[in-house]
Amino acid sequence: MRIACAYAPQLALQAVLRRSPEWLQNKQQAIVLAAGPGERARVVGLTAAAVNAGIHKGITVNQARTLGSARLDSKLEVLVRSETDTQAAQAALADVGYSFAPRVDVEPGSVFFEVGDLLQLYPKGEAEIARAIAARAARLGLSVRVAIAGSKGIARIASHAGQSGAHVLVPNAAAAAAAFLAPLPLQAGLQALGRSGDDDTTNVEQQRAVQELATRLQRWGVRRLGDLAALPIEDVALRLGETGAQLHRLAAGRDDELFAPSLPPDAVLEGTELDYALETLEPLAFVLRGLVDRVLTRLSCRNLACSGLTLRLKLEPRGFDVRDLELGAPTRDSQTLLQLLRLDIARKPPTSPVVGAEILARPARVRAVQLDFLRPAGPAPERMAATLARLGALVGPVNVGAPQTTDSFKEEECQMGKWQWSQTTTQDKPPLVPQLGIRRYRPPKEIEILMGRDGPSAIHGTGISARILVAAGPYRTSNEWWKEEGWSRDYWDVHASDGALYRLHQDRQSGSWFVDGYYD
Amino acid sequence: MATWSSALAAHLVPARVLEQRETGGRMGTGMAEVDGATGGGWPRGALSEVAGPRSSGKTTLLLMSLGNALAAGEAAALVDVGGGLDPRWAQTLGVHLSRLLWVRCDADQALPAADMVLGAGGFGLLAIDFGDQQARAPTGAWQRLKRTAAEQRTALLVGAPYRPPGALGKVALRMAPGMPRFAYGAGPALLLQLQAQAQIERTQNTNDIDVPRELNLHWQRKSVAG
């Protein structure tokens, strides 16, 4: 078994940097991440440029600014830690794993998955797999250190000890693994034993136990993992307890930590919190574009598409605006999704300024089509889904689909159903004797009728003014007479002097005349 | 400069040649008379026009063509200006409703909507029915539509009261309403048949002297009273 670990250092900082591609690309920009708003908030993350300026974790934002103004050429950028962004980044990191394996083991800041069978796809070896993992993470806006080892614990240590952008491959054999681990500082093993990302503050008890262990080992003069592995395990267990024994087994290359994989979630969540409230559509659309792009990139990494999404806008001072969008077929077209979101927001704007946004995308497999030798291929499902969504955006979703008849005696009634292309040919052949068709006005146009001895003799209305040459009718239809909205109509087919053959009706309750359409 | 012009001239294709480029295949109309006169129906990858006033039979011809395409297993779409399609009557013309893509729009949206449908690819026939509204669009929009239809090998059929200026279809029919037939008896009169005359104004079969230039068409009313 070969386990890969993709470790994202300073995940909370990376999560906020994902909002803007400029921040990710500009390595010279000094950026610090504050635990909260205000000048007295502590620095919990920082870029390499900020480290070079002498800034470190734990100082206040005010102190960081003072250091930055003295030692930096450009202005120090201060960002505030966002739980929503961190959760989204953690889920994106898990998606890196799901793009390579069906099940992954996730912990804060790291993802583990089995890569033993990937050698068939990457015949050049594990180095190529590690590079592919790092490239996939970079596509999702994350910088990771990748390590591949025979067990989860060793993969974790190796990834933490590795350099940014580089990968580490540890052999399977215990002796070889121990030889790899021996020169590593004890801190690498202790950090891995903590099983938490370096931004995690929830696992306080375990962190404290590990800290105590570190202090005692330093007193003994143990500086490297190799020093610990050289000690007899029985004595270490006697003095340091189970945690110490576990660290010793790890240092000796005999890791027994279980790999506990889990299936991917049912939906892909991306979200962000805004520094200031947005009241108009354009800036909100700019924020949504980033979220939609990130959602679709994550889905495409797993070879999935979006079949529908839920947008949740956090409002000021409280409350949420939640809206659902269903798509005709799964799509990966960001323009289409964005256009639908824009139209939906423009149709019904949020009641208060927006201070946060989350997009929950429902993933779906893009349908594969089995082409036929004898029948036309028809439209490609994925492309058609985007087209249907665009058409819906142009003419309104209720105006695109497949026509359907309704169970009603009212002639003009019909409805729009869901259109889905199927390659099956139908048994419905066109009729042998050509049949007549009609073109309707929806709703029927009200007109004026001059009545003669045998029925209507002249017609006048918008765009129609003619004498009636032949009138066939009346044909009486009524329905729902037992209800208040019941109706009764007299239908006529009339041949008018303008050459057209109209279908008219008179509402028997109001006496008004309407033209339903014309035979054409 | 003159040398450049002469060198480039060898690579330039005149617009009228592009216009006549045959992309192959025809989509039947479902009416033997029209198929015979147009050389097998509407040409694939090209624009065809059916012009005529109310009750000239153009809607029926469009729907029969769509029904014929769907029955042949092709994907077909109707861009319907004003939303005048009656699904019950369309069914009697052989249109398989659940397989027809129906787009209801106004006249200004018709060409952009048609462009989107064509751009998706895979459609055998796309009909734009302007009903009794005039199709107003710049020549460039029609050219763009024709180019997309040619790329996707889709037969593009436009029905309007007048032939849209600038469209210049490969096949063009001008239709005129004829005298309808009514049945008279003891009760009220009953509409039986609609007649129309179709004049072929443009087709590729211009050299075929046996092809009639004018057609008399008629359609029976479905056997549902009222």
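Letters A, B, ... mirror the listed sequences (proteins, then strands); counts begin at 1. The analysis underlying the following values was restricted to heavy atoms, covering all of them including side chains, and did not include hydrogens, waters or symmetry mates.
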Check each atom of [X] against the heavy atoms of chain A and say whether the ones under 4.5 Å are side chain, backbone, both or neither.
X	answer
B:Leu85	both
B:Met116	both
B:Asp132	both
B:Pro112	both

Review point. In Å and rounded to the nearest 0.5 Å, what is the CG to CG distance from A:Leu436 to B:Leu93?
Key: 8.0 Å

I'd like to verify something: which residue of [options] has the highest number of heavy-atom pairs under 4.5 Å with chain A?
options	result
B:Leu63, B:Leu61, B:Leu78, B:Asp80	B:Asp80
B:Tyr184, B:Trp219, B:Trp102	B:Trp102
B:Pro53, B:Ala113, B:Gly159	B:Ala113
B:Val117, B:Asp129, B:Leu62	B:Asp129

Point to revise | Sequence neighbours excluded, every pair satisfying side-chain hydrogen bond (donor to acceptor under 3.5 Å, both in side chains) that has a member inside residues 448-463 of chain A | key: A:His460-A:Ser465

Point to revise | Flag, side chain of B:Arg104 to backbone of A:Gly396, donor-acceptor distance under 3.5 Å | key: no

Review point. With distance as the sole test, does B:Thr60 use its side chain to make a donor-acceptor pair with the main-chain N or O of A:Gly437 at under 3.5 Å?
Key: yes

Contact summary for [X] and [Y], nearest pair of heavy atoms:
X	Y	result
A:Tyr475	B:Ala189	OH-O, 2.7 Å
A:Leu501	B:Ser55	N-OG, 2.7 Å
A:Tyr519	B:Leu191	CE1-CD2, 3.6 Å
B:Pro188	A:Gly473	CB-O, 3.2 Å
A:Pro379	B:Ala75	CD-CB, 3.6 Å
A:Glu413	B:Arg88	O-NH2, 3.9 Å

Can you find a heavy atom in the side chain of [X] that is under 4.5 Å from one in the side chain of [Y]?
X	Y	value
A:Met384	B:Phe123	yes
B:Pro177	A:Tyr518	no
A:Ile438	B:Thr59	no

Point to revise | Those residues that, when tested against A:Tyr502, pass ring-ring contact (aromatic ring centres under 6.0 Å, His included) (two or more places apart) | key: none

Review point. Under a 4.5 Å heavy-atom cut-off, does chain B meet the side chain of A:Tyr441, its backbone, both or neither?
Key: side chain

Check your understanding: Do the charged groups of B:Arg54 and A:Asp520 touch, with an N to O distance under 4.0 Å?
Key -> no

**Study point:** Qualifying residue for side chain to side chain donor-acceptor pair (under 3.5 Å) with B:Asp86, from A:Arg440, A:Arg442, A:Arg439
**Key:** A:Arg440

Practice item. Report the C-alpha separation of B:Val103 and A:Trp419 in whole Å, then their side-chain angles, then the decisive distance to 0.1 Å, and conclude whether the side chain to side chain contact (heavy atoms under 4.5 Å, CB included) test is met. Key: CA-CA 11 Å; B:Val103 183; A:Trp419 183 84; over 6 Å; no

Exercise for review: For side chain to side chain contact (heavy atoms under 4.5 Å, CB included), just list the numbers for A:Val395 and B:Asp106, CA-CA rounded to whole Å, side-chain angles, deciding distance to a tenth of an Å, and then say yes or no.
Suggested key: CA-CA 8 Å; A:Val395 299; B:Asp106 60 38; over 6 Å; no

